[in-house]
Amino acid sequence: VEENVRIVPIAEDDWRQLRALRLEMLADTPSAFVETLQVARSFDDAEWRWVGTMRAYVAAPGVVNLVGVYVTPGCRGTGLAARMLATVVSWARSVPDVRTVVLLVHEDNRRAAAFYRRSGFADTGRSEEYPLDRSRREVQMALPL
Ligand SMILES: CC(C)(COP(=O)(O)OP(=O)(O)OC[C@H]1O[C@@H](n2cnc3c(N)ncnc32)[C@H](O)[C@@H]1OP(=O)(O)O)[C@@H](O)C(=O)NCCC(=O)NCCS
């Protein structure tokens with residue numbers, strides 16, 4: 001069998017096979033992994049397919065807004081978020097006349113704020129009411145390009 005097994009990098013379209021193998025390995029050797037079969041089974045297709053998102057758009061002349069930042073828990077603390085952000089920043093730099101990337105982060109979201117700060121963002125001093133709970137605020141951070 002061994003010589004018939006090809007070792008290949010996986011691509012985006014391979015997520016179904018990845019899911020099947022992941023569920024198999026969690027069932028076979030649960031103590032080898034920190035994720036349980038039960039948790040892995042609860043993921044929907046989108047979670048298998050995508051492990052994170054970041055969206056960015058030109059919001060005003062010279063300004064890119066970064067929104068929808070998410071990395072699935074199992075991939076946090078791995079540097080993936082930094083690589084995704086680098087891709088966004090490099091896109092923002094390629095847009096003519098864009099000088100800043102701005103975002104809003106909930107005042108209690110210390111992990112995200114630490115991530116942004118380490119990535120070069122700084123508080124602008126501005127904040128807005130958090131729309132889903134007006135007693136809390138979202139703090140604006142900006143990265144000069
Ligand atoms: C925000 C997010 C994308 C960052 O990615 P990440 O992989 O977690 O980021 P990192 O682990 O590289 O960096 C987070 C930093 O916060 C620190 N941190 C972790 N938990 C923390 C906590 N509870 N309080 C404060 N800081 C914390 C980490 O140590 C790290 O700092 P360091 O590099 O100086 O050690 C990810 O955490 C996420 O998807 N969170 C849920 C969604 C979210 O909050 N989105 C942001 C909306 S604005």
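These figures come from a predicted structure and were not determined experimentally. Note that ligands are numbered from 1 as they come in the structure, with each ligand's atoms numbered from 1 the same way.
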For ligand 1, is there an N or O atom under 3.5 Å from any N or O atom of [X]?
{"X": "V71", "answer": "yes"}
{"X": "A81", "answer": "no"}
{"X": "Y116", "answer": "no"}
{"X": "A112", "answer": "no"}
{"X": "R118", "answer": "yes"}

Atoms in ligand 1 flagged as close to [X], the criterion being non-hydrogen separation under 4.0 Å:
{"X": "A114", "result": "15 (C), 16 (O)"}
{"X": "L104", "result": "48 (S)"}
{"X": "N109", "result": "43 (C), 44 (O), 46 (C)"}

Check whether any protein heavy atom sits under 4.0 Å from [atom].
{"atom": "atom 23 (N) of ligand 1", "result": "no"}
{"atom": "atom 35 (O) of ligand 1", "result": "no"}
{"atom": "atom 28 (C) of ligand 1", "result": "no"}

Would you compute the distance between atom [atom1] of [X] and atom [atom2] of [Y] and round it to the nearest 0.5 angstrom?
{"X": "D108", "Y": "Y130", "atom1": "CG", "atom2": "OH", "value": "10.0 Å"}
{"X": "R22", "Y": "E35", "atom1": "CZ", "atom2": "CD", "value": "4.5 Å"}
{"X": "M84", "Y": "T53", "atom1": "CE", "atom2": "OG1", "value": "6.0 Å"}
{"X": "F121", "Y": "Q140", "atom1": "CZ", "atom2": "CD", "value": "10.5 Å"}
{"X": "F43", "Y": "W48", "atom1": "CZ", "atom2": "CH2", "value": "6.5 Å"}
{"X": "M141", "Y": "L66", "atom1": "CE", "atom2": "CG", "value": "11.5 Å"}

Is [X] reaching over with its side chain to a backbone N or O of [Y], donor-acceptor style, under 3.5 angstrom?
{"X": "T124", "Y": "R126", "result": "yes"}
{"X": "T72", "Y": "G74", "result": "no"}
{"X": "R76", "Y": "V71", "result": "yes"}

Considering heavy atoms of the protein only, find what lies nearest to [atom] and give residue, atom and distance to 0.1 Å.
{"atom": "atom 7 (O) of ligand 1", "result": "G77 N, 2.8 Å"}
{"atom": "atom 9 (O) of ligand 1", "result": "F115 CD1, 3.7 Å"}
{"atom": "atom 25 (C) of ligand 1", "result": "R110 CB, 3.5 Å"}
{"atom": "atom 3 (C) of ligand 1", "result": "V69 CG1, 3.6 Å"}

Same cluster (ILVMFWY, side-chain, under 4.5 Å), V95 and Y57 = no

inquiry  = Going by the closest heavy atom to atom 41 (C) of ligand 1, which one wins out of R111, R76, M84?
reply    =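 The residue whose heavy atom sits nearest atom 41 (C) of ligand 1 is R76.
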
task = Decide yes or no on side chain to side chain contact (heavy atoms under 4.5 Å, CB included) for R137 and E129, but give the supporting numbers first.
result = CA-CA 4 Å; R137 298 195 74 77; E129 280 181 356; 3.8 Å; yes

ask   = With a 4.0 Å cut-off on heavy atoms, is L80 touching ligand 1?
value = no

